Amino acid sequence: MMVLRLLLHLALLRLGTTQPSVQGHHFHRPVLAQPSFFDPNSPLEVQEIIQIPNNGSAPLLVDVQVAVLNVFDVDILRYTVSSMLLLRLSWLDTRLAWNGSVYPRHMVTRPWDALWTPGLIIQEALWVDWQEQSPRAQVDQDGHVELQLALTTETNCDFELLHFPRDQSDCTLSFHALSNTAMQLEFQAHVVNEIVSVKREYVVRDLTARVPPQRRVPCFQVTLRLQNTALKTIIALLVPGEALLLADVCGGLLPLQATERTAYKVTLLLGYLVFHSSLVDGLPSSSSCNPLLIYYFVILLLLLFISTMETVLLTGLLARSHLGAKSSLRPAPSGEQQDPGNPGPNPEEVPRGVRGSWRSWAEAADHTFFLVYVTGVVCCQFAFAGFWMWTTCKSDPAPGKAVPHGGQPKM
Ligand SMILES: *[C@@H]1O[C@H](CO)[C@@H](O)[C@H](O)[C@H]1NC(C)=O
Ligand SMILES: *[C@@H]1O[C@H](CO)[C@@H](O)[C@H](O)[C@H]1NC(C)=O
């Protein structure tokens, strides 16, 4: 009876002081019609009712159901995830129960600040937007309280991007109730996947909720397993890279003497450099476990560079030998007119011998290089594929856990 009076009294207090919504008026009207319940109690009891319900020596058990409504933005460059969650908190507060035969109502709605509710923070959050500023709790006749909180949050997540764009990471959201101790409060968490939108790069493969043991502050954690399913990176990065490499290999089939060959290779290298710089901007980086793709593209750059250098060097040597052969001819005195009837040594004939040997040497070298290069390119591809399959990487331990004087905050 006392509890019921208190409840009604509180409801009246709120009607007088805070913004009375339409729903509020509707709810409070029967109370006003029964002034006998109105008991001008001291505000001490209001103070009492916003204290955490006592459960003897055991902590109060708060059941949390986390519904993940959406994971709408996964930013691998900033290492953040944005998500929308709905928390359904329920617990038992017997001080709020009432006698059903006196006040025949199964459920009442109370503003959240008129009773005790756990105050939650998210440890990894950059920002949290609680969608309702003053949520209302449902209280039933026996004192079961249910509070629903919808929130949008952007949280930090250590993505494991070694196998980007085929990566999978676990992102954790740790909810702490800072204003209570673990002696007073204990969470029991479940999680459900209520994501309905399907157009996305990263899909949620798994959801788990757990209560970490031995914390001074009551805590529960929700872990989202995110998997990258995007084809975009493969199409936009791997295919052009492979195409450039293939074009470069084919460039080796052009004859060494053709001046277009140098131009062709240099153009490819330039094109690749432009592609490379935009690609490096588009890939995330970290202190450990960088994406293997970065190494792959650097190897590609080196291969293109070596092949261009080879072409430039051999063409340069050929041109030099050509010039040398010409200049070795030039000292021949030009004072005597050659008798057209008596053909002297043809200026083209001697160098042709020299140039011919140079040319055959350079062509042989070019041919060998071509074979070595093709083998190298193929081996690189296989080596990289093997590396991709078998490499694993373990990130450095978090500074908060590794440093001897740091360690897990004593919460
Ligand atoms: C009180 O603690 C006991 C033991 O942990 C638990 O079974 C019970 O549900 C708790 N009661 C409330 C109201 O949380
Ligand atoms: C509820 O109120 C009725 C009528 O006043 C009373 O007879 C009954 O014992 C009360 N029940 C409880 C559980 O207090």
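Just so it is clear, the structure is predicted and the values come from calculations on it, not from any experiment. Computation of the quantities below employed the complete heavy-atom set of this structure, encompassing side-chain atoms and omitting hydrogens, waters and symmetry-equivalent molecules. When a ligand or atom number is given, it counts from 1 through the structure's own listing order.
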**Request:** Taking the side chain as every heavy atom from C-beta outward, state whether His276 and Asp281 have any atom pair closer than 4.5 Å.
**Result:** no
**Prompt:** Under 4.0 Å from any heavy atom of Ser101, which atoms of ligand 2 are there?
**Reply:** 1 (C), 2 (O), 3 (C)
**Asked** Taking the side chain from Asp140 and the backbone from Val145, do they hold a donor-acceptor pair closer than 3.5 Å?
**Response** no
**Request:** Could you tell me whether the side chain of Val68 reaches within less than 4.5 Å of the side chain of Val71, counting heavy atoms only?
**Result:** yes
**Prompt:** Would you say Met309 has more than 12 foreign heavy atoms packed within less than 6.0 Å of its CE?
**Reply:** yes
**Prompt:** Should Arg78 and Glu154 count as side-chain neighbours, where that means a heavy-atom distance under 4.5 Å?
**Reply:** yes
**Prompt:** Does Asp158 CG have over 12 foreign heavy atoms under 6.0 Å away?
**Reply:** no
**Item:** Amino acids contacting ligand 1, non-hydrogen cut-off under 4.0 Å
**Value:** Asn55, Ala58, Pro59, Leu60, Leu61, Leu92
